[in-house]
Asks: 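Got a structure here, written out as structure tokens. Questions coming.
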Amino acid sequence: MRYAFLSDIHGNRQALNAVFADIKCRDIDEVICLGDIVGYGPAPAEVLSTVYRQVNHIVLGNHDAVLAGHLTGDNFNDTARLMLDWTRRQLDDRATSFLNGLPYVIEGRGFRCVHSEPAAPGDFGYIYDETEAATAFDACQEQLIFVGHTHIPALFVTGNSGRTYIIDPCDFGLEDNKRYIVNVGSVGQSRDGDPRASYCIFDSESNSVFFQRIAFDTEAYRHDIEERDIPCPQTFFLETVDKNSLPPVREMVDFKPTASSSGGNDIPVKQLEEVYRRARIWRNIGLLTLILLVALTGFGGWMFLTMGGDEIYRIPAQSAPLNIRFPAVNEELVKEPQANADITLESPAMHWQIELENPNSQKLTVAPEEDDPEGINTFRINNTELHHFRLVSPPVKARKGTRYTAKAQFKNVDVDEGFAEVKVFQKTSGGDRLLMKSDASSLINRPDRWLPTSVTSREPFAADTELQYVISGQIKGVLRIRKCSFFRRE
Ligand code: ZN
């Protein structure tokens, strides 16, 4: 027989589906779930339904036990408790009575399954170290004990000496005079720094145990969280996802296929060697030019900074205040734009750095709207072609434990296509990391009225940090932007 052991799925349907896809190609006879089907994750009903249909045997986890009415939520942290309240509202009576009928322990041929540990399964203690593992070995006879609960794959071994050892989880063949505790890890809420789903296979013919790690669609999981409006979206698991994800190589763009062929300028094949060769030539030319400029004018360095090594045309702010202190609650951190002319290198904007893709077909002005009685200065962007723009406010400091809100208002004066959004970047040693951005979807459909947009950081910062407020977008046509605002919350 080949068994698959899954634990701590925690309402993560993407992770569970990926694990089942893997199970399907591994010749598994029976699937056993070690508990915590729900809790934390945004898809409890779907996950419970899949487990009900596809899993042969299930033991009760501590989160399941709360929903089944065996445990109160008192021993849970705030996030877990709030999510259990939310989860309860997603499940019907049939679901709770199903959970209510689950056992604490399953005994198989030569193995035992329990969510937490076998000495007192209803207390849901943890097995983290050798002493706790030794207690678990003493509590039963089986050679193999499968557990979950910590969300960290682990392996404990004891032999003739009676000593218990913890070893790095690895595939192994059972030896006659040894006993093993296998923590199968978590399918949906990994906590060992690797966001992939974890599960184990036991082959009772070859007497071997295998640890599996399965990647799944973490973005779709995040999408579930956003869409279902759950009370505690950020978990340690999602922070692991963020740490393991590749940094974006480009600004996000919306793409529309062109109506007609772009003509003779297509690049059907790009040979990397050729690209590198050209890059070397251009780099050398660039370096030579730079040296010449420095030598000739002394302004070479300044030119390089303002014109950029990339294709963005940058107009530095006329005067950017240095933010050397932490702001007060509700203090406005973004300045209303000041200027009364087109913004160019010769006449830059006060406090705002402007970045354009192509200054020849992009015009940016700052002035109040003609009929605005309040006289609020607005940015007016007129792109004759579809181009990117960025309006960058100076960085501000943010204290550990605080949260921030960013706002702006957009008006589609005559936008043919494109989008605009408010973004906040967090400055890190590895560069600027996108912390949050507003929804950019509705600009085109609602012309000629001010559309407010707002976004707030989800979790308080774990350490002091630096933030940057940015308006960015890609449009063809005329767009106005006003009431840019950025502040620390209570
Ligand atoms: Zn759990």
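Every number for a ligand or one of its atoms is a count from 1 in the order of the listing.
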Asks: May I ask you to check whether Phe146 and Tyr3 place their ring centers less than 6.0 Å from one another?
Replies: no
Asks: Step through it carefully: locate the ring centre of Tyr221, locate the ring centre of Phe237, and say whether they are under 6.0 Å apart.
Replies: yes
Asks: Between Arg112 and Glu107 (salt bridge meaning N to carboxylate O under 4.0 Å), is one present in this structure?
Replies: yes
Asks: Do Phe111 and Phe5 make the cut of ring centroids closer than 6.0 angstrom?
Replies: yes
Asks: Run through the protein N/O/S atoms less than 2.8 Å from the Zn ion (ligand 1) and write them out by chain and number.
Replies: Asp8 OD1, His10 NE2, Asp36 OD2, His151 NE2
Asks: Kindly check if the number of other-residue, nucleotide or ligand heavy atoms within 6.0 Å of CG (Asn77) is above 12?
Replies: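 Above 12, so yes.
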Asks: Mind checking what makes side-chain contact (heavy atoms from CB on, under 4.5 Å) contact with Ser49, not counting sequence neighbours?
Replies: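 side-chain contact (heavy atoms from CB on, under 4.5 Å) list for Ser49, sorted by chain: Arg53.
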